[in-house]
Engineer: 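Structure provided below as structure tokens; questions to follow.
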Amino acid sequence: MGATQDNRSCLRRHRWKISLLVLIVVAAAVVVPLVIVKPWDKNKSNNSTNNSNSNSNNNNNTNPPPPVNPSQPIIPSHNDTAKANAYTPALDQPFDYQGGSVKMRGVNLGGWLVLEPFITPSLFDPYIPNGVVDEWTLCQHLGLDAATKLLDNHYNTWVTEDTFIRIRDLGLNHVRVPIGFWAMGNLVAGEPYVPNLSWKYLVRAIEWARKYGIRVQVELHGAPGSQNGWNHSGRLGAVNWINGTDGATNALRTLPYLQQMSTFFASPDYAHVDPIMGMLNEPNAQVIGGDKVKAWYQQALGVVRTAGGGTGKGPWAVIHDGFLGLSTWAGFLPGADRLMLDTHSYIMFDDGLIRMNQTAQLEFACKTWGSDITTSTKAFGPTMVGEFSVAVNDCAKYLNGIGLGYRWDGTFGGGKPVSPNATCVGANDPTTYTAEYKQFMLNFFNAQVDAWEQGAGWFYWNFKTESNPLWSYFDGVDGGWIPKDVNNRGPSFCAANGYPVNVVNSD
Ligand SMILES: *[C@@H]1O[C@H](CO)[C@@H](O)[C@H](O)[C@H]1NC(C)=O
Ligand SMILES: *[C@@H]1O[C@H](CO)[C@@H](O)[C@H](O)[C@H]1NC(C)=O
Ligand SMILES: *[C@@H]1O[C@H](CO)[C@@H](O)[C@H](O)[C@H]1NC(C)=O
Ligand SMILES: *[C@@H]1O[C@H](CO)[C@@H](O)[C@H](O)[C@H]1NC(C)=O
Ligand SMILES: *[C@@H]1O[C@H](CO)[C@@H](O)[C@H](O)[C@H]1NC(C)=O
Ligand SMILES: *[C@@H]1O[C@H](CO)[C@@H](O)[C@H](O)[C@H]1NC(C)=O
Ligand SMILES: *[C@@H]1O[C@H](CO)[C@@H](O)[C@H](O)[C@H]1NC(C)=O
Ligand SMILES: *[C@@H]1O[C@H](CO)[C@@H](O)[C@H](O)[C@H]1NC(C)=O
């Protein structure tokens, strides 16, 4: 998930030109043959597996399902008739991503198959004295056996069938599922990740999604070398993807993983329930270079389309804006086959936005974010927000990384607190939230949804957290600052407050 975004007007000034170097890198890449691997044994077996022991409507699952047995393939049910809600077509009916007549309304299943310290601090806390800061160092510290044991238990319990029941009951129709390349194995020497473990859990979850009519967008969040150097890519530190000594190799190594994903999701077993696929989360194009990231995405789209059976087949493909600003992508690959643009919008990582008062933040969501999305939908095509939250402070434990502090109280990066007495004390404790604060957050949720629904839709970050409630959709519903049924939110917040919607940017 999110990272620091620079000032917006600065982003808009970035313009990139295709360099000869990029052409050489791409030309070299095209001639390297891709190894076609089909690791996921889809052979039918007579052993039917019980994917879950839970068929009840009980949202409080104290009895998690048994771990996935790797020797037993998970068999797709082939029953794609489920419908999440009256607003959403059944899985076996088309979903209008192109026209946007039905919006994607979803949550991220973050902190699951790619770990994030701020979502599940309990997995990291015992090892922080040993220098553990991300999934890489966690696996390195524990070693393969202990890491496998820890992750197997986490994969088995963080997302269960009850997760999907609750998501369905809240009126949502999509989930976005981050995965790391290590889910598909083929690691090189020195990469400490646990290989080939999480994919089975992903497939089990897809069967639950199918059962409740929820569409799934699987997205590569961790590429070899790290596409952004942030902890949520798996490895904190350098960007060694396109950038860096192994950058070209790592960018190429990423493509066969996308090939595997596209082959898998294009198959009739999964095409209805996985109609959309994220090619790569948050490449840091400000470090790597916008032209290089664009050239890579273009190449990746070709790989995804070829693996998926050609034009018109296989999943929708999603690109992330790379923090270049949506306008940078206007006119990118015009006429491309089912390509969607994703942007991540957060108040608390931006020094300007975090200092605005609440009225100004609501206005900013309605006017600036709303018109950005409207403009991009016209100038690029289908545009959605793959990550957002109601948090207006960055006080969530480990949000900025382990031991890095908070912008809010001035303990992050040597900055100044947002106001002289700003404190993070109580910020993550919902029992301290006043009715006014909860009403503001509800308004902010509704304002953002109004903005995002000028495009293809949205995914909240995150479905839940261990202890950072502003980042948990489920906590927001329980606490009264997120609607219980997102399909019945009442009149548009933005329109009702005099902020017009569907307005195109003037610049
Ligand atoms: C699987 O589920 C069926 C029906 O609920 C049950 O009869 C059977 O015992 C279960 N098998 C296992 C291995 O749990
Ligand atoms: C869920 O179960 C736990 C343990 O039994 C209990 O402490 C908690 O109150 C329950 N939560 C809900 C929402 O029922
Ligand atoms: C298919 O799934 C739907 C919705 O979950 C269910 O109502 C129906 O009974 C299932 N059909 C079969 C043949 O299992
Ligand atoms: C993981 O899966 C890959 C295929 O993607 C396979 O080549 C490799 O041998 C597997 N590795 C392990 C450790 O099972
Ligand atoms: C760590 O990840 C969190 C989200 O999980 C993100 O907000 C933060 O910027 C990241 N920090 C670093 C230093 O990678
Ligand atoms: C980009 O790669 C160079 C090595 O070529 C490295 O020194 C630099 O730290 C990398 N940039 C980032 C942001 O990691
Ligand atoms: C909020 O900020 C805006 C813009 O700076 C300002 O015009 C407005 O008076 C402020 N409102 C409150 C209630 O402080
Ligand atoms: C900050 O705290 C001090 C001491 O508690 C108090 O005197 C002052 O009024 C506070 N300032 C603001 C802006 O709330």
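Start at 1 and go down the list; that is how both ligands and their atoms are numbered. These numbers come from a predicted model, not from an experiment.
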Engineer: Y201 and W158: aromatic ring centres closer than 6.0 Å?
Structural biologist: no
Engineer: Please tell me whether H344 and F349 form a close aromatic pair, meaning their ring centres lie under 6.0 Å apart.
Structural biologist: no
Engineer: Taking salt bridge (Lys or Arg N to Asp or Glu O under 4.0 Å) as the definition, give me every residue that meets it alongside D342, ordered by chain and number, with sequence neighbours left out.
Structural biologist: R176
Engineer: Centres of the W481 and Y433 rings: under 6.0 Å?
Structural biologist: yes
Engineer: Under a 4.0 Å heavy-atom cut-off, which residues neighbour ligand 6?
Structural biologist: A238, V239, N243, G244, V287
Engineer: Which residues pass the salt bridge (Lys or Arg N to Asp or Glu O under 4.0 Å) test with D80, sequence neighbours left out?
Structural biologist: R210
Engineer: Verify the ring-centre separation between F164 and Y212: is it less than 6.0 angstrom?
Structural biologist: no
Engineer: Run the salt bridge (Lys or Arg N to Asp or Glu O under 4.0 Å) test against D134 and tell me which residues pass, sequence neighbours left out.
Structural biologist: none
Engineer: What are the atoms of ligand 3, with element, lying closer than 4.0 Å to any heavy atom of K211?
Structural biologist: 5 (O)
Engineer: Consider every N or O of T359 and every N or O of ligand 7, then say whether any pair is closer than 3.5 Å.
Structural biologist: no
